[in-house]
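To start, the structure itself, in structure tokens.
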Amino acid sequence: MSSRLSFAVLAVSQGDASVAASVPVIASVDTLIIAGWAGRDRDAVEHHIAELAALGVRRPSVTPCFYRLAPALLSQDDAIDVVGQTSSGEAECVLVQSDAGLLVSVGSDHTDREVEAYGVTVSKQVCGKPVAREAWRFADVAGHWDQLELRSWVTRGGVRHLYQEGTVAGLLSPQELMAKLGPDGLPAGAAMFCGTLAAIGGVAGGDVFEIELRDPVLGRAIRHRYATQALAIAD
């Protein structure tokens, strides 16, 4: 089963760094991949593993690893349904291999942390995967990729907290991740979440998540905000 993502792709004018008008792109996604434990810095990877181990999540046997999920989980809506109160999001760069070429946006690998202690793949499969409605052409940012910045905020009880912040330099590059996928790299019609940063103050959920990918070189950012709507548990 495939999913359709609608992007306003921001173009960069030839010859300078000014941003031109956006063009609409519809991307049909039939393969969804989540890159896990994708840190370039082994200390940062170990920190993230320790964060999740504190929640009962088993250590991975190899890093990075690639989780295959249903493309139908992708969502560009303003809210997603979750089960109970034990889920949380995390900001990630998202690569999309579209008919218009390789695109990059920002998404959230929203995950049920209680289920994660049972099985990481299952915990990811039970939550929607929010993705922003804007994207950039990967070719426009490939030359300064390590300078891109990820941020996220979580709102709990009406209070907004900075949840993640840092450059993507601590994560494996898209080229490295695509090479590790296999000789064909990221296939047509595939979307891949490219790894995340450590949470400030530890992994925690909330009512609203905000995610941002900022390009300080071209002076632009992609943002997305979504709420979580908890479904009642009938046990």
Side-chain angles (χ1 to χ4, degrees), residues 3-8 10 29 32 34-36 47-48 51-52 54-55 57 67 69-94 96 104-117 120 122-136 148-168 171 191-216 220-234:
S3 181
R4 288 164 62 88
L5 296 175
S6 299
F7 294 112
L10 303 176
V29 178
L32 174 58
I34 307 292
H47 179 78
H48 190 47
E51 278 184 327
L52 297 181
L55 301 176
V57 180
Y67 303 99
L69 303 180
L73 293 173
L74 294 168
S75 171
Q76 293 178 302
D77 295 337
D78 294 328
I80 62 169
D81 292 325
V82 298
V83 178
Q85 305 289 337
T86 61
S87 67
S88 64
E90 49 192 37
E92 305 200 11
C93 296
V94 180
V96 180
V104 58
S105 188
V106 66
S108 175
D109 177 19
H110 206 92
T111 299
D112 188 306
R113 303 302 175 184
E114 185 173 71
V115 177
E116 195 169 34
V120 175
V122 178
S123 71
K124 295 180 180 299
Q125 179 65 38
V126 299
C127 293
K129 302 296 181 226
V131 179
R133 302 181 187 96
E134 293 182 329
W136 303 323
L148 300 183
E149 301 166 354
L150 278 172
R151 289 182 183 84
S152 70
W153 296 262
V154 60
T155 299
R156 293 188 296 272
V159 180
R160 184 174 182 257
H161 304 272
L162 180 65
Y163 188 58
Q164 295 171 292
E165 182 175 41
T167 71
V168 301
L171 301 171
M192 179 168 65
F193 284 61
C194 297
T196 194
L197 308 175
I200 298 170
V203 176
D207 307 310
V208 176
F209 287 86
E210 299 167 68
I211 52 178
E212 176 186 88
L213 177 63
R214 181 173 178 270
D215 180 349
R220 56 184 183 169
I222 299 173
R223 301 180 180 91
H224 186 63
R225 180 183 186 275
Y226 68 97
T228 58
Q229 299 175 161
L231 302 172
I233 299 177

Next item on the list: Kindly compute the distance separating CG (D207) from CD (Q85), expressed to the nearest 0.5 Å.
Entry: 7.5 Å
Check: Out of R223, E165, Q164, E149, which one pairs with E212 under the side chain to side chain contact (heavy atoms under 4.5 Å, CB included) rule?
Finding: R223
Checklist line | Whether over 12 other heavy atoms sit under 6.0 Å from R214 CZ | finding: yes
Check: Judged by atom type as modelled, is there a donor-acceptor pair below 3.5 Å linking the side chain of S152 to the main-chain atoms of I211?
Finding: no
Next item on the list: Heavy atoms only: give me the nearest V94-G107 pair and the separation to one decimal.
Entry: CG2-N, 3.4 Å
Check: Under the side chain to side chain contact (heavy atoms under 4.5 Å, CB included) criterion, do L197 and R151 qualify, and how do the steps go?
Finding: CA-CA 9 Å; L197 308 175; R151 289 182 183 84; over 6 Å; no
Margin query: To the nearest 0.5 Å, what is the distance between OG on S3 and CG on L32?
Written below: 8.5 Å
Notebook entry, point to check: What's the spacing between I222 CD1 and W136 CH2 if we round to 0.5 Å?
Noted result: 4.5 Å
Next item on the list: Assess whether side chain to side chain contact (heavy atoms under 4.5 Å, CB included) is satisfied between S88 and V154, documenting all intermediate values.
Entry: CA-CA 9 Å; S88 64; V154 60; over 6 Å; no
Margin query: What's the separation between atom CD in E134 and atom CZ in F7, rounded to the nearest 0.5 Å?
Written below: 10.5 Å
Note to self: Is a donor from one side chain sitting under 3.5 angstrom from an acceptor on the other, for D112 and T86?
What the structure shows: yes
Notebook entry, point to check: To the nearest 0.5 Å, what is the distance between CD (E92) and CG (L213)?
Noted result: 11.5 Å
Next item on the list: Please report the shortest heavy-atom distance between V120 and S123, naming the atom on each side.
Entry: O-OG, 2.6 Å
Next item on the list: Quick one: pull up OG in S105 and CG in L5 and give me the separation to the nearest 0.5 Å.
Entry: 8.5 Å
Checklist line | Test log, rule side chain to side chain contact (heavy atoms under 4.5 Å, CB included), inputs V203 and Y163 | finding: CA-CA 9 Å; V203 176; Y163 188 58; 3.7 Å; yes
Side-chain donor-acceptor pairs under 3.5 Å in residues 126-133, sequence neighbours left out?
| from | atom 1 | to | atom 2 | distance (Å) |
| --- | --- | --- | --- | --- |
| K129 | NZ | D109 | OD1 | 3.0 |
| K129 | NZ | H110 | O | 2.5 |
| K129 | NZ | K124 | O | 2.8 |
| R133 | NE | Q76 | O | 3.1 |
| R133 | NH2 | Q76 | O | 2.8 |
| R133 | NH2 | D78 | OD1 | 2.7 |

